[in-house]
There are 2 protein chains.
Amino acid sequence: MPRNRQQIPREERTGDLLAAATELFLAKGYAKTTMADISSAAGVARGNVYWYFDSKDHIFAAVMNRMLSREIRILNEEQAGADPLSRLVRGLSDMRYSRPLHQAMHDRLPHSEEVREAHNTFLNWIVGLVDELMAERGLDNAPGIDATLVRDVAVAVFEGANVPNDQNRPAHEMIRFLMESVLARCAGPQGRKR
Amino acid sequence: MPRNRQQIPREERTGDLLAAATELFLAKGYAKTTMADISSAAGVARGNVYWYFDSKDHIFAAVMNRMLSREIRILNEEQAGADPLSRLVRGLSDMRYSRPLHQAMHDRLPHSEEVREAHNTFLNWIVGLVDELMAERGLDNAPGIDATLVRDVAVAVFEGANVPNDQNRPAHEMIRFLMESVLARCAGPQGRKR
DNA sequence: ACCTGAACACCGTTCAAGT
DNA sequence: ACCTGAACACCGTTCAAGT
């Protein structure tokens, strides 16, 4: 059996590398996981990773994309009928364990187009749910409120929750509080529309 | 004139290094500024920086501490009588240009105690102003509201605003919106206390 | 088409040797 | 006490050589 011949199909090897990288990134963080760690965990030589992924950032982006799409699939299955706010809160709650990795994306944003794309996918997911929520309450173009601003603040809270600090309050709590405050404000003085 | 003898007092050289580092960090970012860049900008050899600062993170923390304390001094002078919310908004507005550096602190938090301390100083500054604001409105221990949660969300918005994204909405706008929403919510259904 | 490991590039940090 | 520059360590990436 030749050591240098492809033993397994491309997709499977890609999957192995992705699985190894995911595990290592979660365990040690992005910066402390070396390409040598990933290659040896997947049972290949250092250089071989570059046959499947162009760079460490490429494999990182792929890991993050896979995480988010899995989470979205789970939400679609388990929370099919739920309102946007509970879906959002549930998703954020599920993602708590990958906070450090989301933060690592921020480090890499300036250096990698692929990481930027993966990161935008996260933000678009949140923006979509916030928009849905606002529309459901008929606030998407209410006079007293700037829906764009609400979106941006929600995204900022999410991003801010991913920064490690002493308090370490989970994102889903803060997003819930924020959205409830905004909704209460709208339902108050300005009165409810439609 | 001996090339190897101390020409200038320690404090002045430290100041030169700090000034050079500040300029370079602002211009090129933390990651792309090398220790060689800093040393040559200050006119010393590579290794000499380590006589004044233990590491790149130490010099970075010193740079950030100096920035914040200068900003606080300016605010105290120019906004002496202003209410906490406008002081906070003004400070955040002034700090817009150093966003990328604040974000770089996040990268270094796991690796450096000094950066953690510098970062905490930023957060404490914000928390102090938020607390002051809540106390001024008599909401620091109102029944319907969790002041700790308000603090954490405000901090999260600040942190989130420091992450680069396409929208790039300034932190002070978002903080103002957040605090106004929270205050409106409290002044609404629960009614104003005291 | 895929795999290997030596070699390169880059940069933070150290250190023996200077004054 | 301060300063220098060569040398080291670490790791992402490349590449000539294999099957």
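Proteins come first, then strands; the chains are lettered A, B, ... in the order of their sequence lines, and each starts at number 1.
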Within this structure, what is the CD-to-P distance between B:Glu11 and D:dA1, rounded to whole angstrom? 16 Å
According to the interplanar angle, ranging from 0 to 90°, do the rings of A:His102 and A:Phe158 count as parallel (below 30°), tilted (30 to 60°) or perpendicular (above 60°)? perpendicular
Nearest-neighbour nucleotide for the A:Met35 side chain, D:dT4, C:dC3, D:dG12 considered: D:dG12
Here the pair of heavy atoms bringing A:Lys56 nearest to A:Thr33 is NZ-O, 2.8 Å
Side chain of A:Ala45 only, heavy atoms from C-beta on: which candidate in D:dG12, D:dC3, C:dT4 is closest? C:dT4
Less than 3.5 Å apart, any donor N or O on the side chain of A:Asp57 or A:Ser55 sitting next to an acceptor on the other? no
If we call it a pair only when both distances are under 3.5 Å in a Watson-Crick or G-U wobble match, what pairs with C:dA7? D:dT13
Taking only the side-chain nitrogens and oxygens of B:Trp51, find out if one of them lies under 4.0 Å from OP1 or OP2 of D:dC2. yes
D:dA1 P sits how many Å from B:Arg13 CZ, rounded? 17 Å
Round to the nearest Å and state the distance from A:Ile8 atom CD1 to C:dC3 atom P. 7 Å
Nearest heavy atom decides the nucleotide; on that basis, is A:Asp54 or A:Lys32 closer to the 5' end of DNA chain D? A:Lys32
Going by purine N1 to pyrimidine N3 plus the second Watson-Crick contact, or the G-U wobble pair, all under 3.5 Å, which nucleotide sits opposite D:dT19? C:dA1
When we call it a touch if two heavy atoms are under 4.0 Å apart, what does B:Thr33 touch: a base, just sugar-phosphate, or nothing? sugar-phosphate
Residue from B:His172, B:Glu78, B:Glu71 passing side-chain hydrogen bond (donor to acceptor under 3.5 Å, both in side chains) with B:Arg90: B:Glu78
Aromatic plane relationship, B:Phe25 with B:Tyr30 - under 30° parallel, 30 to 60° tilted, over 60° perpendicular: tilted
Phosphate oxygens OP1/OP2 of C:dT4: is one of them under 4.0 Å from a side-chain N or O of A:Tyr50? no
Rounded distance (Å) that lies between atom P of D:dG5 and atom CG of B:Asn48: 10 Å
C:dT13 base to B:Arg46 side chain: any donor-acceptor pair below 3.5 Å? yes
Send over the distance from A:Leu24 CG to D:dC11 P, rounded to a whole Å. 14 Å
d(CG, B:Leu17; C1', D:dC2) in whole Å: 13 Å
Minimum-distance nucleotide (side-chain atoms of A:Ser55 versus D:dT13, C:dT13, C:dC3): D:dT13
As a test of reading the structure: which of D:dC2, C:dG12, C:dT4 is closest to the side chain of B:Arg10, going by heavy atoms? D:dC2
Round to the nearest Å and state the distance from B:Ile38 atom CD1 to D:dT4 atom P. 16 Å
How many whole angstroms separate atom NE2 of B:His58 from atom P of C:dG12? 16 Å
